[in-house]
Amino acid sequence: MRKLLPLLSTHPHGGGRSALTCRFRCGDACFQEVPNTSDNEYAGDVIAGVLSRRSALRAAAVVTAATAAGGSLVLGSAPAAEAHGPGHGHGPKPAPKADGARGLRFSPVAPNTADQVTVPTGYGQNVVIRWGEPILRGAPAFDAEKQTAKAQAGQFGYNNDFLSLLPLRGEKDRQVLVANHEYTDEVLMFRGYDPQNPTREQVEVAWAAHGLSVVVVQEERRTGRLTPVTRHHLNRRLHTTSRFELTGPAAGSALVRTSADRAGRTVLGTLNNCAGGTTPWGTTLHGEENFNQYFANGSSATDKRYGIGTGATERKWERFDKRFDLAQEPNEAHRFGWVVELDPYDPDSTPKKRTALGRFKHEAAQPRLTADGRPVVYMGDDERFDYFYKFVSSKRMMKGGSRTAQAHNLTLLDEGTLYVAKLTGDSPAAEIDGTGKLPNDGEFDGSGTWIPLATASAKGAVSHVPGMTAEEVFVFTRLAGDKVGATKMDRPEDVEPSPRTGRVYVALTNNTDRGKAGKAGADEANPRNLNKHGQILELAEHWDDPASDGFAWRLFLVAGDPNDPATYFSGYPKEKVSPISCPDNVAFDPHGNLWISTDGNQLGSHDGLFGVAVHGERRGELKQFLTVPRGAETCGPLIQDRRVLVAVQHPGEIDGASVEKPASAWPDGPGKIVRPSVVAVWRTDGSDIGV
């Protein structure tokens, strides 16, 4: 194991994550018993070192001797709001000519521990919006020492994650920014915070800091700078006490009814929104991930399978609202763990929780259309040894912006079939010894099957899982996956289909539990015991049909130090790539390159954002584009022609840090409270990113 950063714990759930992060993001899931105790096969890090000979995912790549440019590093503590790379303070330096795939022609940033956002030479940046900045009419300016729940409800939320930028017709140089707010870290929000005795005001501020933000942003044409348009009529905050509607096959079920909602159709709030997706019909999708940590006094087997504890919670919300106490409201937790659909163009609309997409720890939900126009949504369940899913709608998208089309498209995710993935290798089990040694055929690859779990229609829902009703399948989707023998995976987080090729890329962040006593061991998809760096799997649906019931799979990238023989970059020369650890979110740029953000880097440097070519002779060429400040995670990557957006989440979240003892000075410098923020990066010469 490489030496970790000072003050950084070796927390097993996130590798390099701090214990503080694990406390507040996922309720110390890594210190709890793994919820999945089924004996299904386990799929995770696929190590390689070879090109596939027989897989349907065969690369057309021809390995070349192209040379990646050397990295550039910005040191010091210049305010990120105005940093312009190494030339800051002496006029912007133009981006040097760099080799690489189109879209990736920049000098890679070197791994570093600078307390700032570090970008390539020739690139500038600005902080678009910070936690607490007012976005609604009447909201006051942010004052960390006098923060109130009322103020926070009109201000940008905490710990921004998923980002979406949508066009705004009729308003020149403006776009609609939608952001998830995953969780709050009260230790870094409130001076003198007592975790054993939070005040009602602190709890209500935290309620208001969760959820979603919609804010119109203005573009500066000669750069890529974005600034918020405060008090725009589309700006919106949705939080823990906002109204959400349950739709689809589980809506109205006895499993989701509570004393406050006897109809089982109206939920207050959305929690732990992690990654998400943007639909072809102009809405955004938001995954409710580690919702389990907010609920106290779980007692049922289903509570345990979802990681809900039997005692008090970290935040103690159950003291202030009985719905967070499952001893009083046993069904309230069943109303979280869904994919939320939001219409950002209608500020009066009620967001929908789409129950047809199943209930689990949703990291993301990114749609792709079939040839006849039906959306298919790929989803990961971010837990050690849990599963990878897809939903295939039975309804076709209507084109155009008419009211009829809009109304119809807002029903697309309520009817269709939910599937879970089972992966199979093609080598004898005796050839997989747990060391990562290649089997005799020289590769780790195989095929897969989509197992149907349940189908929802206007006439009702049908279960395909023996012993479970359709409502049970949709509410207790993890148990349905257990029953049908789905393949266990290493924390499947973000999932993204390529808009160009249709191939699906799954970020598997890490899982250091594999191969431990009593845990699933090696198989062809998991030939290496212990997985601290993670990997990315590439899947190709049969006949390139996203509604297909089968697929081929193989490794695209196995993360880690390129000098480690157990890493793999699709056959690209490893001396010419950047080191990467713990892939989390993935996105595509306009050129078809995959961009990867990391969370919990185990290589001794800060997390960052990387671009990698997935096709052509440079397939596997991976280059680091930026790094984030101390204690931060890189989230929400969004790559446009002239701009890259990242959500810098939980800066300064280092063990022992607090408001009184900050571990970071980002983004506003020493003496200012540390604030999660959204950052835009652009080329200072006005050209497109990476060309």
* Heavy-atom donor-acceptor pair, His286 side chain to Gly276 backbone, under 3.5 Å -> no

* Asked: Does Asp561 reach the main-chain N or O of Asn563 with its side chain, forming a donor-acceptor pair under 3.5 Å?
  -> yes

* Structure fact -> Rounding to 0.5 Å, atoms CD (Gln624) and CG (Asn112) come to a distance of 7.0 Å

* Looking at side-chain heavy atoms only, is the closest gap between Leu594 and Ile536 below 4.5 Å? -> yes

* To do: Evaluate the side-chain proximity of Val127 to Arg675: yes if any heavy-atom separation is below 4.5 Å, no if none is.
  => no

* Pairwise side-chain contact, Gln293 with Leu271, heavy-atom cut-off 4.5 Å (strictly under) -> no

* Reported CG-to-NZ distance for the pair Leu530 and Lys516, which is rounded to 0.5 angstrom -> 7.0 Å

* In Å, rounded to the nearest 0.5 Å, how long is the span from CG of Asn273 to NE2 of His181? -> 9.0 Å

* Nearest heavy-atom neighbours spanning Tyr158 and Pro676 -> CE1-CD, 3.7 Å

* **Residues Gln535, Tyr568; criterion side chain to side chain contact (heavy atoms under 4.5 Å, CB included); working and verdict** => CA-CA 9 Å; Gln535 70 281 340; Tyr568 178 64; over 6 Å; no

* Test log, rule side chain to side chain donor-acceptor pair (under 3.5 Å), inputs Thr113 and His606 -> CA-CA 6 Å; Thr113 57; His606 287 180; 5.1 Å; no

* Asked: So Leu539 and Val506, side chain to side chain contact (heavy atoms under 4.5 Å, CB included) or not? Walk me through it.
  -> CA-CA 8 Å; Leu539 299 105; Val506 187; 3.4 Å; yes

* **N/O donor-acceptor pair under 3.5 Å between Ser658 side chain and Val187 backbone** => no

* **Over-ring placement of Arg368 relative to Tyr378, 6.0 Å and 45° cut-offs** => no

* Verify, without hydrogens or angle tests, whether Asn510 (side chain) and Cys582 (backbone) share a donor-acceptor contact under 3.5 angstrom. => no

* Quick one: closest heavy-atom pair of Pro120 and Val109, and the distance? => N-CG2, 3.6 Å

* Judged by atom type as modelled, is there a donor-acceptor pair below 3.5 Å linking the side chain of Asn290 to the main-chain atoms of Asn272? -> no

* **Spatial distance of atom CH2 (Trp595) from atom CG (Leu104) [nearest 0.5 Å]** => 6.0 Å

* Asked: Does the salt bridge (charged side-chain N to carboxylate O under 4.0 Å, His left out) test come out yes or no for Arg618 and Asp99, once each step is laid out?
  -> CA-CA 11 Å; Arg618 292 184 179 273; Asp99 199 8; 2.7 Å; yes

* Asked: Do you know which two heavy atoms are closest between Pro492 and Leu508, and how far apart they sit?
  -> CA-CD2, 3.4 Å

* Test item: Tyr183 and Asp161 side chains (from C-beta on) under 4.5 Å apart, heavy atoms -> no

* To do: Before giving the answer on side chain to side chain contact (heavy atoms under 4.5 Å, CB included), spell out for Phe385 and Asp513 the whole-Å C-alpha distance, their side-chain angles and the decisive distance to 0.1 Å.
  => CA-CA 9 Å; Phe385 307 112; Asp513 273 10; 3.9 Å; yes

* To do: Would you confirm whether Asn292, through its side chain, and Gly307, through its main-chain N or O, come within 3.5 Å as a donor-acceptor pair?
  => yes

* **Spacing of CG belonging to Leu626 relative to CD belonging to Gln116, to within rounding of 0.5 Å** => 11.5 Å

* Taking all atoms of both residues into account, what is the closest heavy-atom pair of Ala179 and Leu163, and its distance? -> CB-CD2, 3.8 Å

* Asked: Do Asn585 and Glu496 pass the side chain to side chain donor-acceptor pair (under 3.5 Å) test, and can you show the C-alpha distance, the side-chain angles, and the key distance before you say yes or no?
  -> CA-CA 9 Å; Asn585 297 135; Glu496 192 88 6; over 6 Å; no

* To do: For the pair Tyr389 and Phe360, name the ring-plane relationship: parallel under 30°, tilted 30 to 60°, perpendicular over 60°.
  => parallel

* **Side-chain touch Phe106/Val119, heavy atoms, less than 4.5 angstrom** => no

* Any luck finding a side-chain donor-acceptor pair between Ser164 and Thr278 under 3.5 Å? -> yes

* Asked: Checking side chain to side chain contact (heavy atoms under 4.5 Å, CB included) for the pair Leu165/Leu645: CA distance, chi angles, key distance, verdict?
  -> CA-CA 9 Å; Leu165 267 179; Leu645 250 66; 3.9 Å; yes

* To do: Only one of Asp584, Leu609, Ile580 passes side chain to side chain contact (heavy atoms under 4.5 Å, CB included) with Thr598; say which it is.
  => Ile580

* Asked: Is the closest side-chain heavy-atom distance between Lys361 and Glu289 below 4.5 Å?
  -> yes

* Structure fact -> Looking only at heavy atoms, the pair that brings Asp494 and Val586 closest together is OD2-N, 3.0 Å

* Below 4.5 Å, heavy atoms only, C-beta onward: do Asp445 and Asp426 meet side chain to side chain? -> yes

* Asked: Is there a donor-acceptor pair under 3.5 Å between the side chain of Ser664 and the backbone N or O of Trp666?
  -> yes

* Side-chain donor or acceptor of His650 paired with backbone N/O of Asn159 under 3.5 Å -> no

* Using atom types as modelled and distance alone, determine if a side-chain donor or acceptor of Gln125 lies under 3.5 Å from a backbone N or O of Val681. => no

* Among Asp382, Thr509, Asp381, find the one that has a side chain to side chain donor-acceptor pair (under 3.5 Å) with Arg491. => Asp382

* So, do Arg503 and Val614 sit near enough that their side-chain heavy atoms are less than 4.5 Å apart? -> no

* Of all the heavy-atom pairs spanning Gln649 and Asn160, show the shortest one and how long it is. => NE2-O, 3.4 Å

* Asked: Would you say the side-chain atoms of Trp553 pair up with the backbone N or O of Ser447, donor to acceptor, closer than 3.5 Å?
  -> yes

* At what distance, to the nearest 0.5 angstrom, does OH of Tyr123 lie from OG of Ser107? -> 9.0 Å

